[in-house]
Amino acid sequence: MRNPYPSIERLMEIQYRIASRVWKTLQPLPRPPRRAVGLDAAYSRRYGGLAVAALVDTASGRLLDYSVALGEPALEYIPGLLAFREAPLFYTAVQHLREDFDLAIVDGHGISHPRRAGIATHVGLAIGKPTVGVAKKRLHGSEIRVQDPSSCSSHPCVLGYLVDDESRRMAYVVLPSRRTRNPIYVSPGAYIDLGSALQVVLSLLRGTKLPLPTHYADKISKRLARMLDEGAVSPRQLKKGLRRIEDFTGG
DNA sequence: GCGACAG
DNA sequence: ATCTTGTCGC
């Protein structure tokens, strides 16, 4: 893949600038979101990256719609610089959604990032809406445990949080369900604070390892990527819009 | 030099 | 992220 980006050092500088911009937007959410979008990406050997934006009704938990974006990633995967690889696709997928929404959950970290500017933060500033980062692995910060998994009385269960080198709390560590062994990391992306981010995610964990929006985006992106490689669908069919929600809902 | 290291 | 079979459990 060709890299249209400036040097690694320059990309990191951009993130410091993004972090300074997002800092004052980390405020409590005025009201609970009614419609939330989940963003995730999968990879097709034949066509490259495939991002999916899955729209979910928060009250019912139902998948309302989804959109896709296809394209060769502009950068290889580099820890800390994931946003420069996947955020452009996420942004495009979001623009293709026909329905409106009030919050997005991104697969990856928000401010629990070495420069306080994870992919959820990049996306939040780009779309101008609240975003929450939900990652499956820790990227930055040390974990403070406040609860032992075996002592969780109900699920999801908050096990602790992630702090930076100045003891500032950046993310919550949550055990989604009783059966899941590994926790997930919840952090604010933009236009939302840590407490609200946690509440939103807890309310969308319904027995799944990931909150519903991201859960659906993950399933859909993986299936479509496989379908592309098997020749079951063509890129233009996807771009034209192939939305068979029943296939992912159980209807 | 030795680890750590989202997806 | 992706490469991959069987297997344990509700």
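Throughout, protein chains are lettered first and strands after them, A, B, ... in sequence-line order, and every chain is numbered starting at 1. Any value given below was found using the heavy atoms of this structure, including those in side chains, with hydrogens, waters and symmetry copies removed.
Remark: A:Asp107 engages A:Lys136 in a salt bridge, criterion side-chain N to carboxylate O under 4.0 Å. Between A:Asp164 and A:Arg169 there is no salt bridge, since no side-chain N of the basic residue sits under 4.0 Å from a carboxylate O of the acidic one.
Counting non-hydrogen atoms under 4.0 angstrom, A:His140 reaches nothing in the nucleic acid. Across all strands shown, A:Gly133 has no heavy atoms under 4.0 Å from either base or sugar-phosphate atoms. Using a 4.0 Å heavy-atom cutoff across all strands shown, A:Arg138 reaches sugar-phosphate atoms only and no base atom. When heavy atoms are screened at a 4.0 angstrom cut-off, A:Leu81 is found touching base atoms of the nucleic acid.
Nucleotides of DNA chain C that come within less than 4.0 Å of any heavy atom of chain A span, from the 5' end to the 3' end, C:dA1 to C:dT2. Extent of DNA chain B lying under 4.0 Å from chain A heavy atoms, first and last nucleotide in 5' to 3' order, is B:dA4 to B:dG7.
Evaluated for a side chain to side chain contact (heavy atoms under 4.5 Å, CB included) with A:Val174, the options A:Val201, A:Leu159, A:Leu198 yield exactly one hit, A:Leu198.
Geometrically, A:Arg35 does not engage A:Phe101 in a cation-pi contact defined by less than 6.0 Å to the ring centre and at most 45° from the axis.
Under a hydrophobic-cluster definition in which Ile, Leu, Val, Met, Phe, Trp and Tyr are linked whenever side-chain heavy atoms come within less than 4.5 Å, directly or via other members, A:Val173 and A:Ile111 are assigned to different clusters.
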Side-chain atoms of residues 86-94 of chain A: list all donor-acceptor pairs with protein atoms under 3.5 Å, sequence neighbours left out, distances to 0.1 Å.
{"residue": "A:Glu86", "atom": "OE2", "partner": "A:Tyr43", "partner atom": "OH", "Å": "2.6"}
{"residue": "A:Thr92", "atom": "OG1", "partner": "A:Pro88", "partner atom": "O", "Å": "3.0"}

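The side chain to side chain contact (heavy atoms under 4.5 Å, CB included) test applied to A:Ser153 returns no partner, not counting sequence neighbours. In this view, A:Tyr47 satisfies the ring-ring contact (aromatic ring centres under 6.0 Å, His included) rule with no residue, not counting sequence neighbours.
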Where each pair must be Watson-Crick or G-U wobble with both distances under 3.5 Å, what dot-bracket representation of DNA chain C is obtained, with crossing pairs in [ ] and other-strand partners as |? ..........
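Taking the six-membered ring where the residue is Trp, A:His109 and A:Tyr185 present tilted rings, their angle falling between 30° and 60°.
Between A:Val200 and A:Pro33 the shortest side-chain heavy-atom distance falls below 4.5 Å.
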